[in-house]
Amino acid sequence: MVRVVPDVPAIHRRFDYRVPPGWGHDLRVGSRVRIELHGRRVGAWVVEDHVSQLPGVTLKPLAASSGDGPPPAVMAVAEWAAWRWAGPVSSFLGTASPPRVVRDAWSRSPSPAGPSGPGPASPGGGSVELVDGVLAAAAHGGDRGDHGGDDRASVVRLAPSLDATLVVLELIHRVGSEGVLVLVPSWARATQLAARLRRAGVETAVMPDGWAQAAAGRGVTVGTRAAAWAPLSRLRAAVILDAHDEAYVEERAPTWSAVEVVVERARRDGAPAALVSACPPLTLSEGRPLVTTSRSVERRGWPVVEVVDRTGDDPRTGLFSERLARLLHSVLDRPEGRAVCILNRRGRARLLACSHCGALARCTRCGGPMAQDESGGGLRCRRCHDHRPLVCAECDATRLKTLRIGVTRATEELTALTGVTAREVTGSSDPSDSAGLSEARLVVGTEAALHRVTRADAVAFLDIDQHLLAARFGAGEETLALMARAARLVGTRDGGGRLLVQTRLPDHEVLQAAVHGDPTQLGGPERDIRRTLGLPPFGALALLRGPGAPAYAAGLAAIDGIAVSADGDTWLVRADDHRRLCDGLASVPRPVERLRVEVDPADV
Ligand SMILES: [Zn+2]
Ligand SMILES: [Zn+2]
């Protein structure tokens with residue numbers, strides 16, 4: 001007898017089935033089967049075996065075997081994830097299962113070279129000390145809110161142009177390749193990393209195609225977000241490159257984070273986990289050991305960042321400062337020179353500035369962007385909803401104006417300014433149309449352009465305030481991450497890499513952090529605001545949407561330690577930590593109506 005979870009998200013129950021005679025030796029917890037359920041044949045996973053049968057109950061037999069699924073350790077993490085992100089366990093088991101039917105993955109022979117294979121040579125250099133730090137941090141096991149005791153993760157802060165692959169190679173050199181999991185944010189990075197590891201003589205499985213190889217414990221496992229669920233029976237070590245990248249978080253509910261899943265797996269297996277980032281956000285770094293290079297090495301890993309103060313300029317004179325024009329000319333005068341200009345063109349991102357002194361209208365409480373309050377006539381903060389009269393905080397003038405310009409106009413104007421045909425790239429541009437892009441010498445676009453272009457001599461943010469003052473609390477950290485991405489395109493300061501930002505907030509801590517190649521300049525102020533407002537990591541949040549939200553929100557509001565507030569058709573649920581939040585979400589019965597629960601929402 002076995003107990004199964006059906007592959008039907010709406011069904012949270014488990015069911016018992018009889019194992020037909022003749023098959024059973026390869027059936028184990030995690031195996032995929034097909035069952036008859038309510039007259040339909042559906043997929044399912046075995047979650048318990050050797051279940052005892054209640055007397056007088058006749059069980060249906062399993063209908064078919066569909067091969068191997070996740071190992072028991074991953075099954076257990078899926079149960080944890082179902083609690084942590086308030087979603088059906090079947091959605092995690094689906095991600096953790098092989099893309100095609102795999103049989104007998106667990107009995108395959110390990111690598112011919114032996115259990116670990118010959119380790120690669122140590123790449124030496126600073127990577128030795130960094131890995132020393134990662135292993136030392138894991139040996140202690142910290143007590144950190146979300147994962148409780150035995151958190152084995154450390155944050156490795158590495159400037160954008162420093163080579164994080166050396167950390168991966170050194171770690172493999174130290175612990176062997178078997179059971180090592182490495183996550184990267186994009187498919188392109190996964191194939192690059194795998195090629196590089198193989199050149200170093202390291203056997204490498206790339207997920208999802210390498211599922212069976214990973215299950216057999218052969219070599220290092222590499223992949224993107226879904227590889228957090230790779231079928232390793234036991235993690236020996238994990239590395240997450242660019243751990244701040246939003247690609248690690250699933251947008252659809254359940255909104256799970258690959259970083260959190262890997263950290264939990266490492267905790268259970270007592271394995272070190274290195275969260276590598278040029279600009280670690282507070283939700284990763286708070287309470288965790290920090291491993292980093294010397295200040296001078298870190299600083300040299302950032303490009304020169306030039307801040308152009310536009311406060312006194314009239315927005316009608318154009319978007320292009322003299323210094324921007326000079327930079328573009330100096331880059332484009334060289335035959336191979338290449339420049340990228342970034343503009344957040346979404347109409348929502350309108351900012352208000354004082355008509356008299358040009359200062360941006362910001363919240364005095366949280367630093368967020370102010371919008372004109374439609375009902376009252378004053379100003380209301382788009383982040384914390386604080387209210388104040390319609391007066392410039394700098395000069396007491398009472399007239400404000402809206403700043404706005406689109407990518408298309410900027411593209412035309414830049415073509416006119418430089419005499420080089422500018423190429424426009426936005427999130428909606430056809431990604432397959434990248435042939436021309438690699439030749440374009442001047443690219444203008446939204447931040448999507450930073451994902452599409454691989455190299456440039458200079459990147460200019462035409463109006464970085466649109467990013468800094470986006471109406472979400474993470475806007476500062478996200479802007480620094482954007483600058484780190486741009487920094488990687490242009491390379492180090494010694495190699496001539498240049499970033500230019502046009503701003504009305506020249507002293508903003510994000511810009512100062514980039515100028516000095518020192519992300520700690522952002523951490524302090526950001527931490528104070530988050531703590532004051534009870535925002536992550538000093539609180540846990542969930543957003544509720546859909547017709548079922550009102551009833552579910554009412555149930556949550558009755559729980560001690562949980563606060564619920566409505567904002568239009570969404571409900572924000574707050575608690576001091578994830579234990580309270582997730583226990584609460586699990587304890588209230590789900591309404592029949594559609595309900596979307598987004599745990600750890602970014603858009604707040
Ligand atoms: Zn003013
Ligand atoms: Zn505010």
Side-chain angles (χ1 to χ4, degrees), residues 281-283 307-317 319 321 344 346 348-404 463-480 502-511 522-541 543 563-568 570-574 600-604:
L282 279 173
T283 48
V307 176
V308 181
D309 183 1
R310 302 277 282 159
T311 311
D313 298 351
D314 186 327
R316 279 163 302 192
T317 60
L319 195 59
S321 62
N344 185 342
R346 281 170 287 184
R348 291 195 300 278
R350 286 196 304 269
L351 297 180
L352 288 174
C354 171
S355 295
H356 179 69
C357 76
L360 285 173
R362 294 177 74 191
C363 175
T364 45
R365 180 167 173 241
C366 79
M370 302 301 279
Q372 234 154 332
D373 195 342
E374 279 134 32
S375 50
L379 295 172
R380 187 169 292 282
C381 174
R382 284 159 59 199
R383 284 186 194 158
C384 75
H385 308 296
D386 209 25
H387 188 274
R388 67 175 163 88
L390 204 159
V391 174
C392 172
E394 302 294 324
C395 76
D396 291 339
T398 54
R399 278 194 56 213
L400 300 179
K401 65 198 169 194
T402 302
L403 305 176
R404 183 165 41 171
D463 185 0
I464 199 138
D465 306 339
Q466 299 280 5
H467 299 274
L468 289 173
L469 295 187
R472 21 204 275 170
F473 281 101
E477 290 178 340
E478 288 167 17
T479 305
L480 190 57
Q502 299 191 128
T503 181
R504 287 162 188 266
L505 305 166
D507 301 323
H508 196 287
E509 51 271 14
V510 167
L511 303 184
L522 169 61
E526 186 78 30
R527 206 165 173 278
D528 294 343
I529 291 173
R530 302 270 186 105
R531 198 187 267 290
T532 306
L533 298 175
L535 289 164
F538 306 105
L541 308 178
L543 274 185
V564 180
S565 55
D567 181 13
T570 63
W571 276 257
L572 181 64
V573 186
R574 292 169 167 268
D600 303 340
D603 220 353
V604 169

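What you are looking at is a predicted structure, and each value in this text was computed from that prediction instead of being measured. Start at 1 and go down the list; that is how both ligands and their atoms are numbered.
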Minimum side-chain heavy-atom gap L505-L469 below 4.5 Å: yes

NZ or CZ of R531 within 45° of F538 ring axis and under 6.0 Å: yes

Rounded to 10 degrees, the angle SG of C357 makes with SG of C395 at the Zn ion (ligand 1): 120°

H385 near the Zn ion (ligand 2): N/O/S under 2.8 Å: no

Angular separation of SG (C366) and SG (C384) seen from the Zn ion (ligand 2), to 10°: 110°

Note, E478 side chain near R472 side chain (heavy atom, < 4.5 Å): yes

N/O/S atom of C392 inside 2.8 Å of the Zn ion (ligand 1), strictly under: yes

Pair H387-M370, side chain to side chain contact (heavy atoms under 4.5 Å, CB included): steps then yes or no: CA-CA 9 Å; H387 188 274; M370 302 301 279; over 6 Å; no

